[in-house]
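To start, the structure itself, in structure tokens.
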Protein chains: 2
Amino acid sequence: MAVNKKQEFSAEEVALSEFAKALSHPARVAILRTLAEKQMCICGEIVEVLPLAQATVSQHLKELKNAGLITGEIEGVRSCYCIHWDNLEAMAARFEQFAASLRALKPVENCC
Amino acid sequence: MAVNKKQEFSAEEVALSEFAKALSHPARVAILRTLAEKQMCICGEIVEVLPLAQATVSQHLKELKNAGLITGEIEGVRSCYCIHWDNLEAMAARFEQFAASLRALKPVENCC
DNA sequence: TTGTTTCATCGCATATTTGCGATATAAAAT
DNA sequence: ATTTTATATCGCAAATATGCGATGAAACAA
């Protein structure tokens with residue numbers, strides 16, 4: 001019945017999966033890359049770079065903001081989005097730690 | 001109209017987002033962790049560990065298999081799932097490279 | 001004041017995901 | 001041959017995600 005069972009998993013698993021979900025659409029990956037490349041806060045420029053309508057981009061920006069990966073401030077008539085570097089590093093660390101924890105358990109010989 | 005625009009992004013962005021999607025549910029993170037911890041191919045034991053029905057676990061296993069992160073073989077009446085270590089490392093490398101590519105562009109002073 | 005610009009949000013349509021009971025399948029056990 | 005066991009798949013319901021046109025809101029320009 002599509003009950004949400006996500007909260008029955010460990011906090012770490014949920015946290016990792018939420019970061020992963022933030023990156024689970026190429027538009028959001030592209031937005032992060034664009035924000036980094038611009039070396040500055042940009043606004044509607046993202047819309048011009050992506051093959052998506054303004055409303056759709058705005059929604060992806062909102063999701064990245066909810067995930068904590070970017071910040072967004074209204075500056076007059078424009079909006080200024082930046083990468084939240086601390087949280088981005090926290091996400092990278094989480095992914096690395098997860099990979100490392102699996103790697104540490106890798107058997108010498110795989111059974112299949 | 002919910003047209004799928006994913007293929008209008010770069011191959012790298014799509015590849016990263018697909019790996020991310022594989023990890024975007026805590027059940028799938030938990031399955032990978034469990035497979036690593038067991039140090040062996042396990043079968044229905046995953047169902048006992050997770051708070052999900054057998055049919056649901058089977059579906060998550062299928063998605064992990066489609067993403068290339070695990071292998072699955074039928075062994076008599078049982079199924080044997082293992083982590084696909086090469087592809088797991090490929091995924092880890094992709095995430096790391098993405099983080100590194102953003103990090104390299106981090107400005108000395110953030111504008112917001 | 002009246003437009004114009006920039007962006008967020010609403011409302012809708014469609015697609016995909018999540019979850020599970022029921023059933024199918026196939027090997028193994030009796 | 002029949003039953004049991006383990007697992008995949010089907011079919012459904014509900015939830016969530018994706019996409020965008022239309023509209024709203026707020027600053028700015030005329």
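Letters A, B, ... mirror the listed sequences (proteins, then strands); counts begin at 1.
- Rounded to whole angstrom, the span from the CD1 atom of A/Ile31 across to the P atom of D/dT18 amounts to 11 Å.
- We find that CD of A/Glu18 is positioned 13 Å from P of D/dT16, with the value rounded to whole Å.
- With D/dT18, D/dT16, D/dG19 as the choices, the nucleotide that has an atom nearest any side-chain atom of A/Asn4 turns out to be D/dT16.
- Side-chain contact between B/His25 and A/Ser17 is absent, with no heavy-atom pair separated by less than 4.5 Å.
- Salt bridge annotation for A/Arg94-A/Glu12: absent, with no cationic side-chain nitrogen under 4.0 angstrom from a carboxylate oxygen.
- Among the nucleotides C/dT17, C/dG21, D/dG19, the one closest to the side chain of A/His25 is D/dG19.
- Considering only heavy atoms from C-beta on, A/Thr34 stays 4.5 Å or farther from A/Tyr81 through its side chain.
- Between B/Glu63 and B/Lys21 there is no salt bridge, since no side-chain N of the basic residue sits under 4.0 Å from a carboxylate O of the acidic one.
- In this structure, A/Gln7 atom CD and C/dG19 atom C1' are separated by 16 Å, rounded to whole Å.
- Between A/Leu64 atom CG and C/dC7 atom C1' the separation is 16 Å, expressed in whole Å.
- A/Ser10 and A/Glu13 share a side-chain donor-acceptor pair at under 3.5 Å.
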Give the B/S/- string for nucleotides 5-11 of chain D, one per nucleotide from 5' to 3', where a protein heavy atom under 4.0 Å of the base yields B, of only the sugar-phosphate yields S, and otherwise -. BSBBB--

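- The minimum heavy-atom distance between B/Val29 and B/Leu23, with the atom names listed, is CG2-O, 3.5 Å.
- Nearest-nucleotide positions on DNA chain C for A/Phe9 and A/Val57 put A/Val57 closer to the 5' end.
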